[in-house]
Amino acid sequence: MVSLIGVLSLRVHGQVTSERLAAAPSEPQNWLTYSGNYSSTRYSPLNQITPANVKNLKLQWAYQSPVAGNWQTTPLVVDGTMYITQRLNDVVALDAATGRAFWIYRYTPAQDRVVCCGANNRGLGILGDTLFMGTLDAQLIAIDRKTGRAIWKTEVASTKSGYSITHAPLVVKNKVIVGVGGGEYGIRGFIAAYDAMTGREAWRFYTIPAPGEPGSETWERCPPEAKSFCDPEAWKHGGGSIWMTGSYDPRLNLTYWGTGNVGPDYNGAQRPGDNLYSASIVALDADTGTLKWHYQFTPHDVYDYDSVQVPVLVDNWAGSRVNVVTWANRNGNFYVLDRETGRFLLGKPFVKVNWMSEFDERGRPKQTPQPEGQPTYPGNQGGTNWYSPSFSQRTGLFYVSAWEDYASIYAPATSQYKEGTNFVGGGPRNNTSVPGAPGLGRSPINTWTEAAGHGAVIALDPATGREKWKFTMTDVTDSGILTTGSDLLFTGGREGFFQALDARTGLLLWKTNLGAAINSGPISYRVSNRQYVSIVSGLSLFVFALDE
């Protein structure tokens, strides 16, 4: 269904070609992909807003969503028009300078859908005059960006089995690449590419290999006299979901994706082996989906350390000619990998870590499981999670939203697979040093204390993994990060503050209270020579700029 509000006023200047997507950094006035560019740096070259004048930022307009719940979207901005998703699976076209709505496309997902972790949709992809959205019931939809009308719809997987799509599609050449969520429901994860014109599937890569396929040897046979339940066909329900958008290197023609937890999450006894390709990065040929290399961050994961974090591509690492993938992982470590070969170059904790002690020369962690009833660091939500990091070309620093001093105590349990039902194998509980300290949830009144952990923005040197500076928060943070060409860093937090820091020093330069938790990443764009910064807080999108 389409609500036409002002479609005759919507001017579309030029098609978004694949060449424009590849050259997105040369169009700083726009925000053409989920992470701003194929390298996923979330860096904007715009510099009208500076450390000297950021204190003068003023709210220019706001748009309020009609649906309650965590709003985790990142808008696209194309030639003065903003395209944004809202729950459940709506798409809205807005004037990026005034907030005027042109049209709203409404899609109602199947009522019997099975979705983990909220009705989230994190954004869109674009090619030509077509927008692409994945849905909670695992459909992929193409939408005319001028009129808001659907062009085609393709079923990617069965929602009754727990499959969903919550991330923004990645458009590469003439293909739309998506993956499927549902790791808590015993899915067999995959990444697939679809023809942008027709919606027909072009290729599919399963993140959990079948017997006889490369990687299947890591799904080991059950011991002949297992002391507890062991599933001889665990791979069929092995997880490896995809719920964040990958990156792309046009020179290598490789696309990089992080995979989710293995299934069941916490009971490793019923799935012996490393369980590839869960908790891994996979590098795929963008034309064929062929696996070129992989690296597993957490072999035989029993902590729910999804490795779906956004891969950030950095060139000429540490002054060398090596181009790399940088990665702040949920398991608490910062990684650097050669993005052509997958060779392990660096691994270093950025928060407290006790599930492992060191890496061998190939980058395999030496795991140190904690005694029963004792806390594991980082906790279940990780040292970081899905919130987007940033890399600034000017400062050369990698910035991550982190959870510090946070741990969980794990209790595995047997889990029998049943289609469309929870399949996690036990679970964690929050570790606190103070009785009565809050859990992960938020009440209407913020009762959070640092006894349960706290949030921080940490600036890391990618050459060494060492911390350069840290900006500490009281509450934890679910906000992404944006850096700009004037050495500003914008971020939010669960406390409701939207703030600007000096990207070189971490000094707080400006903040405003938006009144609700920030669960998305900021972006910046330009209309008529005026730079804007936008952020979602609670049920509202807020857009700031300097007064004219």
Under 3.5 Å donor-acceptor, Q374 side chain and E372 backbone
no
is_close_aromatic(F498, F542), centroid dist under 6.0 Å:
no
Name of the residue among S401, P522, P389 meeting side-chain contact (heavy atoms from CB on, under 4.5 Å) with I481
S401
Rounded to the nearest 0.5 Å, what separation is found between the CE atom of M244 and the OG atom of S247?
10.0 Å
Do S408 and N431 have side-chain atoms, one donor and one acceptor, less than 3.5 Å apart?
no
Can you establish whether the number of heavy atoms outside R204 located under 6.0 Å from its atom CZ is more than 12?
yes
With respect to V312, which candidate in T326, V400, V325, V324 satisfies the side-chain contact (heavy atoms from CB on, under 4.5 Å) definition?
T326
So do V424 and P264 actually touch side chain to side chain, heavy atoms under 4.5 Å?
no
Qualifying residues under salt bridge (Lys or Arg N to Asp or Glu O under 4.0 Å), relative to R188, sequence neighbours excluded:
E213
R42 charged N/C atom sitting above Y34 aromatic ring, 6.0 Å / 45°:
yes
Side-chain heavy atoms of F497 within contact of L514, under 4.5 Å:
no
When you measure from the side chain of N121 to the backbone of G134, do you find a donor-acceptor pair of N or O atoms at a distance under 3.5 Å?
yes
Between the main-chain N or O of L136 and the side-chain N or O of N89, is there a donor-acceptor pair closer than 3.5 Å?
yes
Any donor-acceptor N or O pair under 3.5 Å, side chains Q309, W327:
yes
How long is the span from the OG1 atom in T85 to the CE atom in M133, to the nearest 0.5 Å?
7.5 Å
Donor-acceptor under 3.5 Å (Q367 side chain, P299 main chain):
yes
Could you state the interatomic distance from CH2 (W235) to CG (L276), rounded to the nearest 0.5 Å?
15.0 Å
Quiz question: by atom type and distance under 3.5 Å, do the side chains of Q86 and Y63 form a donor-acceptor pair?
yes
Salt bridge (Lys or Arg N to Asp or Glu O under 4.0 Å) partners of residues 263-279, not counting sequence neighbours, each pair once:
D274-R364
Are any of the side-chain heavy atoms of R113 and K160 separated by less than 4.5 Å?
no
When rounded to the nearest 0.5 Å, the distance separating CG of L508 from CZ of F471 is 4.5 Å
Among residues at least two apart in sequence or on other chains, which ones pass ring-ring contact (aromatic ring centres under 6.0 Å, His included) with F423?
Y417
Rounded to the nearest 0.5 Å, how far apart are OG1 of T255 and CD1 of I191?
7.5 Å
Assess whether ring pair (Phe, Tyr, Trp, His ring centres under 6.0 Å) is satisfied between F344 and F359, documenting all intermediate values.
CA-CA 10 Å; F344 174 82; F359 295 97; 5.2 Å; yes
Set of side chain to side chain donor-acceptor pair (under 3.5 Å) partners for T135, sequence neighbours left out:
D137
Distance in Å, Y194 OH paired with W203 CH2, rounded so as to fall on 0.5 Å steps
9.5 Å
Would you please say whether a donor-acceptor pair under 3.5 Å links the side chains of S278 and T259?
no
Taking the six-membered ring for Trp, are H300 and W219 closer than 6.0 Å centroid to centroid?
no
With distance as the sole criterion, is a donor-acceptor pair present between the side chains of D306 and W243 under 3.5 Å?
yes
Is the charged tip of R330 near the ring of Y305: under 6.0 Å from the six-membered ring centre and within 45° of its axis?
no
Does any part of the side chain of I187, heavy atoms only, come nearer than 4.5 Å to the side chain of H237, both counted from C-beta?
no
When the ring centroid of Y410 is compared with that of Y303, is the distance short of 6.0 Å?
yes
Can you find a heavy atom in the side chain of Q296 that is under 4.5 Å from one in the side chain of D301?
no
Does Y335 have its ring centroid less than 6.0 Å away from the ring centroid of Y295?
yes
Quick test of your reading of the model: are R106 and D90 salt-bridged, counting only N-O distances below 4.0 Å?
yes
Looking at residues at least two apart in the chain, or sitting in another chain, which of them share a side chain to side chain donor-acceptor pair (under 3.5 Å) with R122?
Q72, T166
Is the distance between the ring centroids of Y256 and Y248 under 6.0 Å?
no
For a quick test of your reading: what N or O donor-acceptor pairs under 3.5 Å do the side chains of residues 345-358 make, sequence neighbours left out?
{"from": "N354", "atom 1": "OD1", "to": "Y377", "atom 2": "N", "distance (Å)": "2.7"}
{"from": "N354", "atom 1": "ND2", "to": "Q370", "atom 2": "OE1", "distance (Å)": "3.4"}
{"from": "N354", "atom 1": "ND2", "to": "P375", "atom 2": "O", "distance (Å)": "3.2"}
{"from": "W355", "atom 1": "NE1", "to": "N331", "atom 2": "O", "distance (Å)": "2.8"}

Run K366 and D360 through salt bridge (charged side-chain N to carboxylate O under 4.0 Å, His left out) and show every step you take.
CA-CA 7 Å; K366 180 181 179 181; D360 68 17; over 6 Å; no
